[in-house]
Amino acid sequence: MLTRLRLLVSTLLLCGFLSLAQAQQATPVITVDNGPNALVQEQKHYVVLVSLDGFRYDYARKYGATHLLALAKQGADAPEGMIPSYPSVTFPNHYTLVTGLYPEHHGIVAMSFYDEQRKERYAYNDSKTNSDGSWYGGTPLWVLAEQQGMRSACFFWPGSEAAIKNVRPSYYLHYDDKFPDDQRVDQVLAWLKLPEEKRPHFITLYYSNVDHAGHQYGPGSPQVAEAVKHVDALIGKLHASLDALHMPIDLIVVSDHGMAREEGSWIDLDKYADLSNFTTVGLLLYGNSETDIERAYQKLKAADANFFVYRRAHMPAWLHYDQNPRSGDPIIVSKGPYAIRAHAPAADEEDHPPNIGVHGYDPREMPEMKAIFFAAGPDIRPGVTLKPFENVNVYPFIAKILQLQAPPTDGSLNVLSSALADAAR
Ligand code: AMP
Ligand code: ZN
Ligand code: ZN
């Protein structure tokens with residue numbers, strides 16, 4: 001009996017030790033001492049901004065995301081989608097959502113790109129560049145909040161690991177895709193239970209599950225249906241827990257872009273034009289001289305392939321992609337869901353077929369690129385249905401809810417003002 005008891009005690013101890021070890025292993029929250037909330041900020045409401053990466057505008061209805069649809073019923077949503085900025089990829093669009101600027105204005109013009117002035121390359125998955133504030137323009141919402149004495153927290157968001165304008169969120173973490181999904185919600189709730197002086201009023205939360213399933217299995221797959229249900233359950237848990245706090249919290253759920261099924265195999269641009277004098281990153285092309293650029297442009301134009309090619313200065317106006325040299329010149333715009341790159345990998349490097357699901361394309365040509373917008377809470381007018389709108393407009397909307405002084409951006413408060421409750425206008 002005694003031996004059995006001892007065994008039970010030691011097993012319990014071991015379990016306790018293991019869970020402690022696991023807790024210690026998980027990426028820790030980094031706390032930055034930005035001081036207490038200013039008194040005026042303590043009186044304000046709270047915004048929890050959740051991003052479900054790659055959640056296409058029609059997934060909630062297609063796959064029965066009941067919690068998101070309940071949020072729509074209680075507040076506002078855009079059933080025909082929110083329009084991502086070009087290119088419809090993760091870093092540019094997340095950073096547009098929190099700055100109100102088109103990628104060409106905030107500077108994160110692609111997941112990876114080259115800066116000819118710096119003679120350096122930015123890559124989203126290189127901690128040296130993604131945590132270096134000098135790459136990022138604009139004033140992200142967490143910086144805007146902190147500058148005005150309001151505490152903020154980021155449970156992941158592109159740009160949140162950098163000191164931008166020398167300001168960091170009061171709480172943030174290094175990106176870890178494997179961080180348990182449930183515990184992310186728990187952490188957001190823990191932040192909202194902090195004493196008032198330490199409690200963040202602007203909080204971000206991020207999940208990549210739906211994007212990953214979309215790339216690997218395609219937007220129509222059972223795996224995407226499952227990922228949608230999974231993140232929807234997390235939203236349900238979060239929404240119910242926020243309600244139970246009885247605090248004035250607005251929950252806003254967005255995505256960065258949608259997903260389409262890829263067609264064909266790789267299109268290598270160097271098959272059509274001599275790019276040996278170009279610096280290339282993905283399909284971005286940076287020429288050394290006007291002669292090289294114009295020659296490559298003419299060759300690529302003559303290729304009559306599955307892409308448009310433009311000199312940067314002549315990019316279609318609606319793409320807002322002609323101002324920043326980081327976008328390269330000439331610029332390739334795909335005509336459909338095709339996988340395009342400057343070169344195939346070198347012979348000694350591994351190649352792989354394109355993903356089954358893809359994004360990055362012009363949302364006006366390809367509606368599958370459209371994203372989601374759901375919002376509910378004390379500042380949101382109930383039962384509002386929004387027509388498709390550009391994601392640059394989310395920034396002034398959130399700044400208004402938090403009554404923060406916002407700088408001029410590419411977005412306008414008018415676009416989403418119909419979704420604001422009377423008291424919030
Ligand atoms: P993409 O599908 O190429 O647009 O990019 C999505 C990828 O970005 C996913 O693999 C995510 O894991 C990754 N990602 C998302 N947020 C971050 C972040 N804050 N830091 C680094 N990588 C991220
Ligand atoms: Zn994404
Ligand atoms: Zn993706």
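Along the sequence shown, residues carry numbers from 1. Only a predicted model underlies this, so the values are computations on that prediction, with no experimental measurement involved. Excluded from the calculations below are hydrogen atoms, water molecules and symmetry mates; all remaining heavy atoms, backbone and side chain alike, are included. Note that ligands are numbered from 1 as they come in the structure, with each ligand's atoms numbered from 1 the same way.
- Every N/O-N/O distance between D53 and ligand 1 stays at or above 3.5 Å.
- Neither the backbone nor the side chain of F156 comes within 4.0 Å of ligand 1, counting heavy atoms alone.
- For the Zn ion (ligand 2), the nearest N, O or S atom contributed by D53 is named OD1.
- In terms of distance to the Zn ion (ligand 3), the nearest N, O or S atom of H359 is named NE2.
- Our summary of the site lists the angle at the Zn ion (ligand 2) between OG1 of T90 and NE2 of H257 as 110°, to the nearest 10 degrees.
- The atom of D256 that is an N, O or S and sits closest to the Zn ion (ligand 2) is OD2.
- Taking a 6.0 Å sphere around NZ of K44, one finds it holds more than 12 heavy atoms contributed by other residues, nucleotides or ligands.
- The pair D186-K237 meets the salt-bridge criterion, with a side-chain N (NZ, NE, NH1 or NH2) lying under 4.0 Å from an Asp/Glu carboxylate O.
- Distance check for D211 against the Zn ion (ligand 2): none of its N/O/S atoms falls below 2.8 Å.
- Note that R118 lies in the cation-pi zone of W135, set by a 6.0 Å cut-off to the ring centre and a 45° limit from the axis.
- In this structure, a donor-acceptor pair under 3.5 Å is absent between the side chains of T279 and R121.
- Distances shorter than 4.0 angstrom occur between a heavy atom of D177 and an atom of ligand 1.
- Where the criterion is an N or O separation shorter than 3.5 Å, residue side chain and backbone included, T90 meets it with respect to ligand 1.
- Annotation for ligand 1: atoms under 4.0 Å from non-hydrogen atoms of H215 are 2 (O).
- More than 12 heavy-atom neighbours from other residues, nucleotides or ligands sit within 6.0 angstrom of NZ on K335.
- With a 4.0 Å heavy-atom cut-off, ligand 1 is reached by no atom of D256.
- Close approach of ligand 1 to H359 (heavy-atom distance below 4.0 Å) involves ligand atoms 1 (P), 2 (O), 4 (O).
- Geometrically, ligand 1 and S208 share no nitrogen or oxygen pair separated by less than 3.5 Å.
- The distance criterion of under 3.5 Å between nitrogen or oxygen atoms is not met by E161 with respect to ligand 1.
- No side-chain donor from either of E368 and Y361 sits under 3.5 Å from a side-chain acceptor of the other.
- Look at H94 and the Zn ion (ligand 2): no N/O/S atom of the residue is under 2.8 Å from the metal.
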